[in-house]
Amino acid sequence: MSEDLSEGEKGDPVSDVSAHGGDAANNRARLPRISSADAMETWANSQKGKKLYIVLISIHGLIRGENMELGRDSDTGGQVKYVVELARALGSMPGVYRVDLLTRQVSAPDVDWSYGEPTEMLSPRDTDDFGDDMGESSGSYIVRIPFGPRDKYIPKELLWPYIPEFVDGALNHIIQMSKSLGEQIGSGHAVWPVAIHGHYADAGDSATLLSGALNVPMLFTGHSLGRDKLEQLLKQGRLSKDEINTTYKIMRRIEAEELALDGSEIVITSTKQEIEEQWRLYDGFDPVLERKLRARIRRNVSCYGRFMPRMATIPPGMEFHHIVPHDGDIEGEPEGNLDHPAPQDPPIWSEIMRFFTNPRKPMILALARPDPKKNITTLVKAFGECRPLRELANLTLIMGNRDGIDEMSSTNASVLLSVLKLIDKYDLYGQVAYPKHHKQYDVPDIYRLAAKTKGVFINPAFIEPFGLTLIEAAAHGLPIVATKNGGPVDIHRVLDNGLLIDPHDQQSIADALLKLVSNKQLWAKCRQNGLKNIHLFSWPEHCKTYLSKIATCKPRHPQWQRSEDGGESSESDSPGDSLRDLQDLSLNLKFSLDGEKSEGSGNDNSLNSDGNAADRGAKLENAVLSWSKGISKDIRKGGAIEKTDQNPNAGKFPPLRRRKHLFVIAVDCDTTSGLLETIKAIFESAGKDKAEGTVGFILSTSLTISEIQSFLISGGLSPIDFDAYICNSGSDLYYPSLNPGERPFVVDLYYHSHIEYRWGGEGLRKTLVRWADSTTDKKGDNDEQIVSPAEQLSTDYCYAFKVRKPGMAPPVKELRKLLRIQALRCHPIYCQNGTRLNVIPVLASRSQALRYLYVRWGFELSKMVVFVGECGDTDYEGLLGGLHRSVILKGVGSSAISQLHNNRSYPLSDVMPLDSPNIIEATEGTRGADIQALIEKVGYLTG
């Protein structure tokens, strides 16, 4: 099924994915270093004139700029600190005007009020970081988007049903901010984000949808990965796969990570181990294939429609200017001070020291949540069973904050109880400290105390994605002992300041700790190496590398060049509207011509130039001239009606801009007669609002525009009964023509430019045809083909296939996996009761088309009411949730349709926000009047 990619390309070098190996010095030489003052000035000068807008997303946990409650729960950990400091540091870089860190607004009684504040400015750590181009909206901000239960703080595993609501709220913020920045620094033109960067699976899913809705580049950082966690949990043998999914919603998380791979330009990792050992577990990434594709792109050779995100390893940064490790802390102060702390000593010191019988002994410090994966119990066992280590050192366990064990989560409470039992078993009283509380600002003082005692920092986690605490410890002069699984390997390679251990080997842990605390020369050497090399992990260096990666992304943003149509009064029919329509027409034609691709191409990552500007201008001029003479050539495959047409004498176009509300009919019925009956009932439910024109209608379906035209004629409906037609499962968008006598519909070619990202084109089509040819009924007498191409139903952005035996067709998850393994990025959808398969661009869907209408025409999503059946096509879940209102028509959707959702990667219930006030259900057999009463009762048409 795959195209041949020459074996000779396996050794091609890849700039962002390099091999492991080499000694510490050579590897350090390859990493970015803090430049001299002259080099920093050169960097700053190179950024002059740039005013970038960057959006970061991290939606779970409790996020604020100061006094972070790290360790409060499993969702508020190192990732929270990372994203806040990244946003703060980026906002201080030359060329960056504004950074928004989008997260969830939490106004729950059990959390601090500050998490309910809509906006929080992140002040730079150093006032000198403010640039010369400060303006009204410049700087770094935490922006909290309300979504999900308004009065509850819920764990990340329960946020999945509310992701669409976050996406819609974030989309609204970004659009408003882009317009505001346009007025301030863009000469009136919207300043779109240069990139949207998702952190963790939930934000990766969100960033993918936002990137598609806005047509801007996306970056992704996994932090920890679902497939790796699933493997670890299965190895432990405590839970079955079903139990793991019930607890962690792990399959939904994995699908979000796969989708993030589909949509990302760049995946940023902290270590190469994450690429080679964790990301390679995913269907959508193969290091070998990635290198082959990159080599072909450099040589301007076709990739046959295949795409792979670039992997970039950028170690996290850290602020060092406030850390000044003094040798006096180690040598110059009398040891007696630890027995009797001075009044000026940090309070946390006495809080820890009160546990120890002999506080002068070196301190072994572990700083981690009481989570099984952090492996704290193995550390306590290693300490308890090694008498020489107990005699030489104390052990300090900073395990988050707690009031009472009964108030902790069951998992965390179980770990803490195990630790307490081990302390009792080995009689470690007076040798182990485990304070109940600490503040975030206490952490540097805890590191200082451990260094003062000539102690060691340990991270014994089973696997550590990066290990930011190792860098913090090294900056305070502490040698490290760390797990050999994950990021610590790369950190140790650079810093060379400690020892790596097997976290499953208790004796290995004890031996490494004993070696460092007993050998003063080795301890001093590790301390000095860490302090000497720590500058390699500064935030300025991280941000410079980060921005250089963004600069390599192909710029993308909404393409139309017009005034803000959506911001005008709905009653306005100014001549400017029709003039803009003519301009839109010419640009539509421009896109149709410039967007034509040669067969076998379809790659937006190719190195082809845009062609000769004069030729493009001539094509555009000829196209407009041809159109004006009424002989515009049909540029679509679906028939003569699929042409662009605008009437310069008409009022505002399209008509949906005049509406107060839109009813979106996205019901997937068993038959066309059932669909017609449903449409008439919904028309009836609009009542006088339909007659007065305050309510408009959109038909959202898997049908082609030709099929829709036939359906309208047979049902006695007119094209102008609807304001827009979302066709082919969301890959095409049409409006009713203002000249229905000549052509009934107008195609929105801007929408095509909006969704064509990573569309595989002819290479994808050929692969799909070969796949269809291979789907035969092996049990039948004549090997009958199960899936066959339907060329008459296909368009440029929708490859359609007939499913002759729906019950035998591969589940959509298997087809999606098959395509991802070959680096083909697309969105396969079973529709028409499972008798049709539509394959469309990866960032296209019926729900994304609604977001496009908001982005382009300014029609607010909250003013839309989406009607769906009790079940639907395999894109059904995307139609529920979000800021729009949803009406579920019970009884609509047959058992044949519901069968499409069998063999899903995750249960539909994991993503259905049925408790949302934006979703209501209409009972089976509901008539138009009943729907109208139901809508009025819940106030969907108010406002």
Side-chain angles (χ1 to χ4, degrees), residues 12-34 56 78-79 82-83 85-86 89-90 195 197-200 204 217-225 227-228 257 260-261 264-282 284-291 293-295 308-318 463-471 474 482-496 500 533-553:
D12 284 311
V14 179
S15 59
D16 291 325
V17 184
S18 57
H20 288 287
D23 58 27
N26 287 336
N27 279 278
R28 285 196 296 271
R30 285 197 293 267
L31 287 168
R33 294 181 177 274
I34 288 283
L56 311 179
Q79 178 182 327
Y82 173 88
V83 294
E85 293 305 321
L86 173 61
L90 281 172
H197 186 173
H199 293 266
Y200 194 79
M218 173 194 164
L219 313 180
F220 180 59
T221 298
H223 290 276
S224 68
L225 298 179
R227 287 198 187 276
D228 184 68
E257 290 161 342
L261 282 174
S264 295
E265 296 260 4
I266 301 174
V267 175
I268 294 178
T269 71
S270 298
T271 66
K272 293 181 175 61
Q273 183 271 352
E274 185 179 343
I275 300 171
E276 299 294 336
E277 297 183 25
Q278 296 183 51
W279 275 119
R280 75 180 309 150
L281 298 174
Y282 284 76
F285 181 74
D286 179 350
V288 175
L289 182 55
E290 193 263 0
R291 286 191 282 270
L293 293 176
R294 295 283 294 284
M308 194 75 73
R310 287 178 290 148
M311 292 281 171
T313 300
I314 313 177
M318 184 178 170
I463 186 165
E464 180 60 58
F466 181 67
L468 193 58
T469 53
L470 296 172
I471 296 176
T483 176
K484 68 176 185 178
N485 298 328
V489 175
D490 285 1
I491 294 174
H492 177 262
R493 184 181 294 132
V494 174
L495 296 182
D496 192 22
L500 299 177
N533 298 318
I534 196 64
H535 67 275
L536 297 172
F537 294 99
S538 73
W539 274 120
E541 283 298 308
H542 176 97
C543 290
K544 284 169 59 177
T545 306
Y546 180 97
L547 293 172
S548 70
K549 298 297 180 185
I550 289 180
T552 65
C553 295

Between [Y] and [X], is there a side-chain heavy-atom distance shorter than 4.5 Å?
| X | Y | answer |
| --- | --- | --- |
| H197 | T221 | yes |
| T545 | I314 | yes |
| K544 | E541 | yes |
| L281 | L225 | no |
| Q273 | Q278 | yes |
| R310 | T552 | yes |

> Which value, rounded to the nearest 0.5 Å, describes the distance between L219 atom CG and H199 atom NE2?
Replying inline: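 If we round to the nearest 0.5 Å, L219:CG and H199:NE2 are 8.0 Å apart.
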>> Determine whether E464 and L470 satisfy the following criterion, side chain to side chain contact (heavy atoms under 4.5 Å, CB included), listing intermediate values before the conclusion.
In response: CA-CA 11 Å; E464 180 60 58; L470 296 172; 5.6 Å; no
>> Suppose we screen for side-chain hydrogen bond (donor to acceptor under 3.5 Å, both in side chains). Which residues come up paired with Y282, at least two apart in sequence or across chains?
In response: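 E257.
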> Does T269 have any side-chain hydrogen bond (donor to acceptor under 3.5 Å, both in side chains) partners at least two apart in sequence or in another chain, and if so, which?
Replying inline: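 Checked T269 against side-chain hydrogen bond (donor to acceptor under 3.5 Å, both in side chains); matches are T313.
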> Counting only N and O atoms by type, is there a donor-acceptor contact under 3.5 Å from the side chain of H542 to the main-chain atoms of F537?
Replying inline: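 Not a single qualifying donor-acceptor pair exists.
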> Does the D490 side chain pair with the main chain of K272, one donor and one acceptor, at a distance under 3.5 Å?
Replying inline: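 Yes; judged by distance alone, with no hydrogens or angles, the pair exists.
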Nearest heavy-atom neighbours spanning [X] and [Y]:
| X | Y | answer |
| --- | --- | --- |
| I491 | I471 | CD1-CG1, 4.1 Å |
| I534 | A474 | CD1-CB, 3.9 Å |
| G204 | F220 | CA-CE1, 3.4 Å |
| A312 | K549 | CB-CE, 3.9 Å |
| E290 | M311 | OE2-N, 4.1 Å |
| M308 | G284 | SD-O, 3.3 Å |

> Parallel, tilted or perpendicular: which fits the ring planes of W539 and Y82, with parallel below 30° and perpendicular above 60°?
Replying inline: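 If you compare the ring of W539 with that of Y82, the planes turn out tilted.
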> Who are the salt bridge (Lys or Arg N to Asp or Glu O under 4.0 Å) partners of E274, not counting sequence neighbours?
Replying inline: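 Expected list: none.
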>> Exactly one of D228, V267, D286 should register a side chain to side chain contact (heavy atoms under 4.5 Å, CB included) with W279. Which one does?
In response: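 Among the candidates, only V267 passes.
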> Hey, mind stepping through L56 and V83 against side chain to side chain contact (heavy atoms under 4.5 Å, CB included) and telling me if it holds?
Replying inline: CA-CA 8 Å; L56 311 179; V83 294; 5.5 Å; no
> Passes side chain to side chain contact (heavy atoms under 4.5 Å, CB included), L90 versus L547? Steps please.
Replying inline: CA-CA 9 Å; L90 281 172; L547 293 172; 4.1 Å; yes
